[in-house]
There are 2 protein chains.
Amino acid sequence: MTVQQMAQLDATFSALSDGTRRAIVTRLADGEATLSDLATPFDMSLTAVSKHLRVLSDAGLVDIEKRGRTRHCRLRGAPIKEAVDWLSKYESFWIDRFDALARHLAKEDSEK
Amino acid sequence: MTVQQMAQLDATFSALSDGTRRAIVTRLADGEATLSDLATPFDMSLTAVSKHLRVLSDAGLVDIEKRGRTRHCRLRGAPIKEAVDWLSKYESFWIDRFDALARHLAKEDSEK
DNA sequence: ACTTTACTCAACCAATTAGTTGACTATAAT
DNA sequence: ATTATAGTCAACTAATTGGTTGAGTAAAGT
């Protein structure tokens, strides 16, 4: 795992560790939205939402396009995929015991 | 999504946003380890690693068992699963365009 | 031309984070 | 009994985070 890949995971997980930002991601999954659109549901200033959006943008999770006086945001999936890929390595820790054992034995077997 | 589920995701993503803590998770996937075991590879004090471990423990990602004068740590998968479940909702954003379209249409269809 | 809208920017604040050190406690080994 | 090991705790520091406000800019509507 390269230093950049590490930094990308840092940024992705950090960006997603905030409920407001996750809500933004959820909203953007339904389609493109402007900053004002995104800010409306939240009980905080536009500046605050703008900052959250910047965090998401810096992490590569959203793409912000300037169009006239509005900013149009789209969700980008690549970093999410990388996060899932990393987490998936630990899949055996949440599947049920029997499966975990089976997997463990299969792994041992394949390593002989 | 309940407030507690939100807080759990906050804690999980936040815990995983640090490289040292992800390295600890990776290490623990290979099996139980003591705090000293975990601390050895890192260029930081035992206290610092202990704090990282506490973050992971608070997030429910690791289980710490006091045994004599050592602390034995095990990985717990449930929070990781919840994180993956959340992220998986946005799967359509990283699979290729055709699949994304197919999924979108299938969803529209299922909602009729 | 004027006003409203959609934002950005800078400055500030309080809380949290990631690290340190030094002193301490409890268990195990000699 | 003494010493070494494993870890905690409290206090401190520097940087980051999540929010605010007020002022400014650029585009669009009237």
Side-chain angles (χ1 to χ4, degrees), chain A residues 3 6-28 31-74 79 83, chain B residues 3 6-28 31-75 79:
Chain A
V3 173
M6 282 287 284
Q8 178 61 64
L9 285 175
D10 281 9
T12 304
F13 284 128
S14 180
L16 295 174
S17 72
D18 181 276
T20 301
R21 287 192 294 261
R22 285 197 307 278
I24 290 173
V25 166
T26 300
R27 168 66 187 76
L28 288 179
E32 191 179 291
T34 67
L35 171 49
S36 297
D37 290 342
L38 292 171
T40 307
F42 299 108
D43 186 24
M44 66 179 75
S45 68
L46 187 67
T47 301
V49 176
S50 175
K51 282 187 179 186
H52 280 302
L53 214 43
R54 165 123 212 196
V55 171
L56 289 166
S57 166
D58 286 348
L61 284 158
V62 318
D63 206 64
I64 305 176
E65 189 196 337
K66 191 172 170 175
R67 212 182 292 167
R69 69 181 161 179
T70 56
R71 305 294 181 273
H72 295 254
C73 310
R74 280 192 315 284
Chain B
V3 174
M6 282 287 283
Q8 178 60 63
L9 284 176
D10 281 8
T12 303
F13 284 128
S14 180
L16 295 175
S17 72
D18 180 278
T20 301
R21 287 191 294 261
R22 284 197 308 277
I24 290 174
V25 166
T26 300
R27 167 66 185 78
L28 288 179
E32 190 179 293
T34 67
L35 171 49
S36 296
D37 290 341
L38 292 171
T40 307
F42 298 108
D43 188 24
M44 65 179 76
S45 68
L46 187 68
T47 301
V49 177
S50 175
K51 281 187 180 184
H52 280 302
L53 215 43
R54 166 123 211 197
V55 172
L56 289 166
S57 166
D58 286 349
L61 284 159
V62 316
D63 205 63
I64 304 177
E65 188 196 338
K66 191 173 171 175
R67 211 183 292 167
R69 71 181 160 179
T70 57
R71 304 293 181 272
H72 295 254
C73 311
R74 282 192 312 286
L75 190 59

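First the proteins, then the strands, lettered A, B, ... as listed; each starts at 1.
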* Taking every non-hydrogen atom, the tightest pair across A:Gln8 and A:Pro79 -> NE2-CB, 3.7 Å
* To do: Starting at atom CG of A:Asp10, determine the distance to atom P of D:dA15, rounded to an integer number of angstrom.
  => 19 Å
* Rounded distance in Å - CZ (B:Phe13) to C1' (D:dT17) -> 18 Å
* Asked: Roughly, in whole Å, what's the span from CZ in B:Arg71 to C1' in D:dG7?
  -> 6 Å
* Assign B:Arg21 to base, sugar-phosphate, or nothing according to its heavy-atom contacts below 4.0 angstrom with the strands shown. => sugar-phosphate
* To do: Provide the closest heavy-atom pair for A:Asp10 versus B:Ser17 in the form atom of the first, atom of the second, distance.
  => OD1-O, 3.3 Å
* To do: Consider the side chain of B:Ser45, meaning its heavy atoms from C-beta on, and name the nucleotide among C:dT21, C:dT8, D:dG19 that approaches it most closely.
  => C:dT21
* To do: Report the distance from atom NE2 of B:His72 to atom C1' of D:dT5, rounded to the nearest whole Å.
  => 13 Å
* Asked: Can you tell if the side chain of B:Leu16 reaches within under 4.5 Å of the side chain of B:Leu61, non-hydrogen atoms only?
  -> yes
* Hey, does A:Ser50 reach any base, or is it just sugar-phosphate, or nothing, if we go heavy atoms under 4.0 Å? -> sugar-phosphate
* To do: Remember a base hit wins even if backbone is also touched, and classify A:Leu46 as base, sugar-phosphate or nothing at under 4.0 Å, heavy atoms.
  => base
* Asked: Which residue, A:Arg67 or A:Asp43, contacts DNA chain D at a nucleotide closer to its 5' end, judged by nearest heavy atom?
  -> A:Asp43
* Specify the separation, in whole Å, of atom CG of A:Leu38 and atom C1' of C:dA6. => 13 Å
* Taking every non-hydrogen atom, the tightest pair across B:Glu32 and B:Arg27 -> O-NH2, 4.0 Å
* Between D:dG18 (P) and A:Asp58 (CG): distance, integer Å -> 12 Å
* A:Leu35 has an atom CG; how far is it from atom P of C:dT5, in whole Å? -> 16 Å
* In whole Å, what is the span from the CZ atom of A:Arg54 to the P atom of D:dG18? -> 14 Å
* Which sits closer to the 5' end of DNA chain C, A:Thr47 or A:Arg69, going by the nucleotide each is nearest to? -> A:Arg69
* To do: Say whether, by atom type as modelled, one donor and one acceptor occur between the side chain of A:Arg22 and the main chain of B:Met6 under 3.5 angstrom.
  => yes
* Sugar-phosphate, base or nothing in reach of A:Thr70, heavy atoms under 4.0 Å -> sugar-phosphate
* Structure fact -> Between A:Asp37 and B:Ser14, whichever has its closest DNA chain C nucleotide further toward 5' is A:Asp37
